[in-house]
Amino acid sequence: MIEASSAFGTVVAVVVLVVTIVATVSVTRVPPAVVAVPAALLVAALGLVDWHTAAAEVRFMLPTIGFLAAMLVVAEICARAGVFTWVGVVLARWSRGSAIGLLRIVFVVAAVTTAVLSLDTTIVLLTPVAVLTTRHIGARVTPIAYASNHLANSASTLLPVSNLTNLLAFGAAGLSFTRFAAIMAWPWVAAIVVEYLVFRWFFAADLRSPRGHGEVDDSPELVVSDAAQDHSEDVETPRAPLLTLGALGGLLVGFVVAEPLGVPLAAVAGIGALAMALPWLWRTPRATCVDAVRAAGVPFLIFVAALGVIILPVRNGPVGDLFSTLMPSGAGLLALLGAAVIAAVAANLFNNLPATLLLVPLLAGQPALVLAVLLGVNIGPNLAVFGSLANLLWRDVMRRHSASTSSRLYLSLGLVSVPLTLVAAVLALWVGLRAFG
């Protein structure tokens, strides 16, 4: 058996974590659970963490995992009801053929979608809509595509439901749903505004250069297939799926109302998902159940639970001690900025999900620092494609829609946007804490 606190044990634990993450992001055709579960069992078998502690960690994460599964089903129902088809046509109409207008609208829609339905929904469902709409109006794809990705990260700070990292940190923050939202609304708005200004400057040339019919986007950073560029047809605006949108609004109200009554958020999300799925269950019960299970992403949920076990010996060993020593204390502006920067660095070293599992438990009982860490792990991944699983999912979505992405462009954009956005968001968090903390 290997002691996790020993130097050798620490090296083994870190190697297992890094290999798991690298294998997960590199082997796209293998479910992440196939890699993570054996790694978690190996960590326990080597004695880096005892079986009782590992089981306790999984039990602790179950409500968060259940909540995530329910919200993924809700997103799938929204897609089935035509919400994103309607959004795509509305984007094209409201942009009036202007790339700048479309960028502005995509920022708003991506920010709201990320906040309400999570960043994964923005990546998987909104990104293809935004790309096709861009082609439809004859604009360059690059600014719109990258905006969808950046907003999926930067705009995922508003609600506990917006990001898995938020869900993992929500309990440690010790805040109610409404108080969390009230405080994080300040950095949410600040991040969106700064990102928009950066995009307007960084992509100024692309936004001024329309692309003619059948013309390949000649930007060296994003190559678009000729086969997917037909934007000549005018599409009739479909009717808004008001029933689904109303149910989604009711679900958000349910989160606010149920929490003070002691009803778990996971239960509210589950009931909401079931209620929204009832019409589909009535018409096609078997197909709806199959789609719901697929939408819930069971392999990914198992991966999250396994990752929680894998990170335990890293968090409880010298690496965790190091981060605990580096982490500032208090709720001052410099302390918040320091915590956010450390979290952003950790996200780009380990990926933001392991970084959250590593850092948040070290700050239990310090809500201000927990929220600062969330800013770091949510905004920081805009620096490098490896920074979050959502980034890698975005890259895969882009490839499936005949567009290739550039790590060099991603890094160049991130070097400008991340420092500015992170500083602005932390400053806004500091103001929000003074107003509602």
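No hydrogens, no waters, no symmetry mates; every other heavy atom, side chains included, goes into these values. No experiment lies behind these values; they were computed from the predicted model shown.
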Minimum side-chain heavy-atom gap [X]-[Y] below 4.5 Å:
X      : Y      : answer
Val83  : Leu245 : yes
Ser118 : Val161 : no
Leu322 : Leu326 : yes
Ile77  : Val73  : yes
Thr134 : Val106 : no
Met71  : Leu265 : no
Val109 : Ile105 : yes
Leu41  : Val309 : no

Rounded to the nearest 0.5 Å, what separation is found between the [atom1] atom of [X] and the [atom2] atom of [Y]?
X      : Y      : atom1 : atom2 : value
Trp394 : Asp120 : CH2   : CG    : 15.0 Å
Leu374 : Asn163 : CG    : CG    : 8.0 Å
Ile342 : Leu369 : CD1   : CG    : 9.5 Å
Ile65  : Leu68  : CD1   : CG    : 8.0 Å
Leu307 : Ile302 : CG    : CD1   : 13.5 Å
Leu42  : Ile310 : CG    : CD1   : 9.0 Å

Take atom CG of Leu411 as the centre, draw a 6.0 Å sphere, and report whether it contains more than 12 heavy atoms from other residues, nucleotides or ligands.
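Correct, the count exceeds 12.
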Return the set of residues passing side chain to side chain donor-acceptor pair (under 3.5 Å) with [X] (not counting sequence neighbours), or none when no residue passes.
X      : result
Thr178 : Ser176
Asn391 : Asn149, Asn153, Ser388, Tyr410
Asp291 : Arg80, Arg294
Ser412 : none

Backbone N or O of [Y] within a donor-acceptor pair of the [X] side chain at under 3.5 Å?
X      : Y      : result
Asn316 : Leu312 : yes
Trp86  : Ala81  : no
Thr114 : Leu119 : no
Asn166 : Ser156 : yes
Asn348 : Gly380 : yes

Which residues share a side-chain contact (heavy atoms from CB on, under 4.5 Å) with Ser98, sequence neighbours left out
Ile100
Residue set satisfying side-chain contact (heavy atoms from CB on, under 4.5 Å) with Arg283, at least two apart, ordered chain then number -> Pro279, Trp280
Side-chain atoms of residues 181-198: list all donor-acceptor pairs with protein atoms under 3.5 Å, sequence neighbours left out, distances to 0.1 Å.
| residue | atom | partner | partner atom | Å |
| --- | --- | --- | --- | --- |
| Trp186 | NE1 | Ala182 | O | 3.4 |
| Trp188 | NE1 | Ala155 | O | 2.9 |
| Glu195 | OE1 | His150 | ND1 | 3.3 |
| Glu195 | OE2 | His150 | ND1 | 3.4 |
| Glu195 | OE2 | Ser154 | OG | 2.6 |
| Glu195 | OE2 | Asn382 | ND2 | 3.2 |
| Tyr196 | OH | Arg104 | NH1 | 3.4 |
| Tyr196 | OH | Arg200 | NH1 | 3.0 |

side-chain hydrogen bond (donor to acceptor under 3.5 Å, both in side chains) evaluation trace for Thr284 with Thr288:
CA-CA 6 Å; Thr284 55; Thr288 300; 3.1 Å; yes
Does anything in residues 56-78 form a salt bridge (Lys or Arg N to Asp or Glu O under 4.0 Å)? List the pairs, not counting sequence neighbours.
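The answer is Glu57-Arg315.
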Check each of Leu353, Val377, Val360 against Leu168 using the side-chain contact (heavy atoms from CB on, under 4.5 Å) test, and report the only one that passes.
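It is Leu353; the other options fail the test.
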What verdict does the side-chain contact (heavy atoms from CB on, under 4.5 Å) test give for Phe203 and Leu103, after you've listed the backbone C-alpha separation in whole Å, the side-chain angles of each residue and the deciding distance to 0.1 Å?
CA-CA 10 Å; Phe203 290 111; Leu103 178 69; over 6 Å; no
Can you list the residues that meet the ring pair (Phe, Tyr, Trp, His ring centres under 6.0 Å) rule with Phe300, with sequence neighbours excluded?
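With neighbours one apart ignored, the set is Phe303.
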Ring pair (Phe, Tyr, Trp, His ring centres under 6.0 Å): which pairs involve residues 156-177, sequence neighbours left out?
Phe170-Phe180, Phe177-Phe255
Acceptor/donor pairs from residues 125-133 side chains to any protein atom, 3.5 angstrom cut, sequence neighbours excluded:
| residue | atom | partner | partner atom | Å |
| --- | --- | --- | --- | --- |
| Thr127 | OG1 | Thr122 | O | 3.2 |
| Thr127 | OG1 | Ile123 | O | 3.1 |
| Thr127 | OG1 | Ser148 | OG | 2.6 |
| Thr133 | OG1 | Gly88 | O | 3.4 |
| Thr133 | OG1 | Val129 | O | 2.7 |

Per the side chain to side chain donor-acceptor pair (under 3.5 Å) rule, what does the pair list look like for residues 364-374, sequence neighbours excluded?
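Counting only pairs at least two positions apart or across chains, no side chain to side chain donor-acceptor pair (under 3.5 Å) contact touches residues 364-374.
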Going by the side chain to side chain donor-acceptor pair (under 3.5 Å) test, name the single residue among Thr356, Thr157, Asn352, Thr165 that passes it with Asn378.
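In the set Thr356, Thr157, Asn352, Thr165, the residue that makes a side chain to side chain donor-acceptor pair (under 3.5 Å) with Asn378 is Thr165.
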Quick one: do Val16 and Val314 satisfy side-chain contact (heavy atoms from CB on, under 4.5 Å)? Show the steps, please.
CA-CA 10 Å; Val16 171; Val314 179; over 6 Å; no
Which heavy atom in Leu301 sits nearest to a heavy atom in Ala69, and how many Å separate them?
CD1-CB, 3.5 Å
Phe107/Phe199 aromatic ring centres below 6.0 Å:
yes
Worked check of side-chain contact (heavy atoms from CB on, under 4.5 Å) between Val268 and Phe67
CA-CA 9 Å; Val268 177; Phe67 183 92; over 6 Å; no
Could you walk me through whether Val15 and Val18 pass side-chain contact (heavy atoms from CB on, under 4.5 Å), step by step?
CA-CA 5 Å; Val15 168; Val18 171; 5.9 Å; no
